[in-house]
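Worksheet: one structure, shown below.
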There are 2 protein chains.
Amino acid sequence: MASLNVGSLGEYIREQRRNAQYSLRQLAEVAGVSNPYLSQIERGLRKPSAEILQQIAKALRISAETLYVQAGILEERDGDAPALRAAILADPLLNERQKQALLAVYEAFLKENRETGESSGAAAATGTVPATPPAGSADADADADADADADTGATG
Amino acid sequence: MASLNVGSLGEYIREQRRNAQYSLRQLAEVAGVSNPYLSQIERGLRKPSAEILQQIAKALRISAETLYVQAGILEERDGDAPALRAAILADPLLNERQKQALLAVYEAFLKENRETGESSGAAAATGTVPATPPAGSADADADADADADADTGATG
DNA sequence: CCCGCCCGCTTGCAATTGCAAGCAAGCCGC
DNA sequence: GCGGCTTGCTTGCAATTGCAAGCGGGCGGG
């Protein structure tokens, strides 16, 4: 696996963790992995197995597939727009009429966004749900420190 | 990972390999893994990484996702309504309002289907494509031997 | 008999993965 | 100042992963 992918995986996990306002130890605990290992993963020093990615994803409340894609072990649904199209078409719980209807709604929204130039440019593009940290802590201070570390990490 | 899953993974790979009429060594070579390791995988003695599964799947000309599902590192798609939910929430081209709207439509369809008991239950099977073996060999004999081994392997 | 080829599997080992124990630094209250 | 707590990271180690070298067996041809 190219270290480039592993690097982006770690950055991605760190980003999601911060979005969720978890400290490294908090996420490690919730995910059931050791905090040093999670640190190494975030810094791209280790390449975690799919099981570990699954655990991390679950703790971050994102889909495991998202992390698999980042790790390069799953193909991206290439093209964000086609991804949802494919998902709609592949959903076994919908019949053909409903699929087409959903697609039509989706296309209408895309068109609307193109015309208004509006989209959810929120950083939570991956559907991250900011979770409350498990324990109270000096959140403001932790964020400040985390930002400084993030700059350092980007160098790695 | 429960050894049960690993066991079924190995059995599945062996089955697909036989369908493709590959010997263990042939598949190992095409997949780019060592033949002893492939043997161990098939017998459930080792739990391969996603990368190895990817290589094996490619050699067998099946989707990697199929093997991921067998290995338990990917959720099976069928009946997995949350997958489309996740896709909607993950789509970066939609804003929050549109995401919620699409989800509402989706939920309405699911409810409709539950009441009518109707859905397009087209099950896209794993689509195994038997491939021709890379080299000619005593296929009949190899199959006979392989069957005997298969029985032994099932005991393990 | 021999040899060569094929088959699947055994075994020992190096590299990798994931962890436990612990470090250093920052912040806060006394 | 101190101690207690939090933070992210370092380090050594055990277990696991994947491989190379090789085994034993079957088959066919000389």
Side-chain angles (χ1 to χ4, degrees), chain A residues 1 3 6 9-10 13-14 17-18 21-29 31-56 71 73 133-156, chain B residues 1 3 6 9-10 13-14 17-18 21-29 31-56 71 73 133-156:
Chain A
M1 180 49 58
S3 58
V6 173
L9 168 70
I13 289 176
R14 182 163 284 190
R17 173 169 66 80
R18 292 200 172 124
Q21 300 188 326
Y22 274 168
S23 72
L24 188 136
R25 289 190 188 210
Q26 287 168 342
L27 178 60
E29 183 177 350
V33 304
S34 72
N35 75 69
Y37 191 54
L38 179 58
S39 174
Q40 287 169 334
I41 291 167
E42 288 192 351
R43 289 172 288 130
L45 300 182
R46 296 291 168 93
K47 187 179 77 71
S49 65
E51 282 75 25
I52 294 290
L53 289 179
Q54 224 175 9
Q55 290 171 231
I56 293 171
I73 62 175
S137 61
D139 291 338
D141 290 331
D143 288 337
D145 288 338
D147 287 335
D149 287 340
D151 290 334
T152 309
T155 310
Chain B
M1 178 49 58
S3 58
V6 174
L9 167 71
I13 290 176
R14 182 162 285 190
R17 172 167 68 80
R18 290 196 175 127
Q21 300 187 324
Y22 274 169
S23 71
L24 186 135
R25 290 189 186 208
Q26 287 169 340
L27 178 61
E29 183 178 348
V33 305
S34 73
N35 75 70
Y37 193 52
L38 180 58
S39 174
Q40 288 169 333
I41 292 167
E42 288 193 349
R43 288 171 289 130
L45 299 182
R46 297 291 168 96
K47 188 177 75 68
S49 66
E51 282 74 26
I52 295 290
L53 290 179
Q54 225 175 5
Q55 290 171 235
I56 293 172
I73 62 175
S137 61
D139 293 340
D141 290 333
D143 289 339
D145 288 339
D147 286 337
D149 286 340
D151 291 335
T152 308
T155 308

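In the text below, chain A, chain B and the rest are named by the order of the sequence lines, each starting its count at 1. Heavy atoms only: backbone and side chains are in, while hydrogens, waters and symmetry mates are out.
The two atoms that bring B/Ala28 and B/Asn35 nearest to each other are CB-CA, 3.5 Å, heavy atoms only. Scanning all heavy atoms of the two residues, the minimum distance from B/Glu51 to A/Ile73 falls at OE2-CG2, 2.9 Å. The two residues A/Leu38 and A/Val33 have their closest heavy-atom pair at CB-CG2, 4.2 Å.
For the pair A/Asn35 CG and D/dT11 P, the computed distance is 16 Å after rounding to whole Å. One interatomic measurement links the two molecules: CG of B/Leu27 to C1' of C/dC6, which rounds to 16 Å at whole-angstrom precision. Atoms CD (B/Glu42) and P (C/dC9) sit 7 Å apart, rounded to a whole Å. Spacing between atom CD of B/Glu29 and atom P of C/dC7 amounts to 10 Å, rounded to whole angstrom units.
Contact annotation: the side chain of B/Arg43 approaches that of B/Arg14 to within less than 4.5 Å [non-hydrogen atoms, C-beta and beyond].
Residue-to-nucleotide proximity on DNA chain D shows that, of A/Leu24 and B/Gln55, the 5′-proximal contact is made by A/Leu24.
Around CD of A/Glu29, the count of heavy atoms belonging to other residues, nucleotides or ligands within 6.0 Å does not exceed 12.
Checking side-chain atoms of A/Gln55 against main-chain N and O of A/Ala31 turns up a donor-acceptor pair under 3.5 Å.
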Original post:
Along nucleotides 12-18 of chain C, 5' to 3', which nucleotides get a B, which get an S, and which get a -, given that the test is a protein heavy-atom distance under 4.0 Å?
Top reply: -----BB

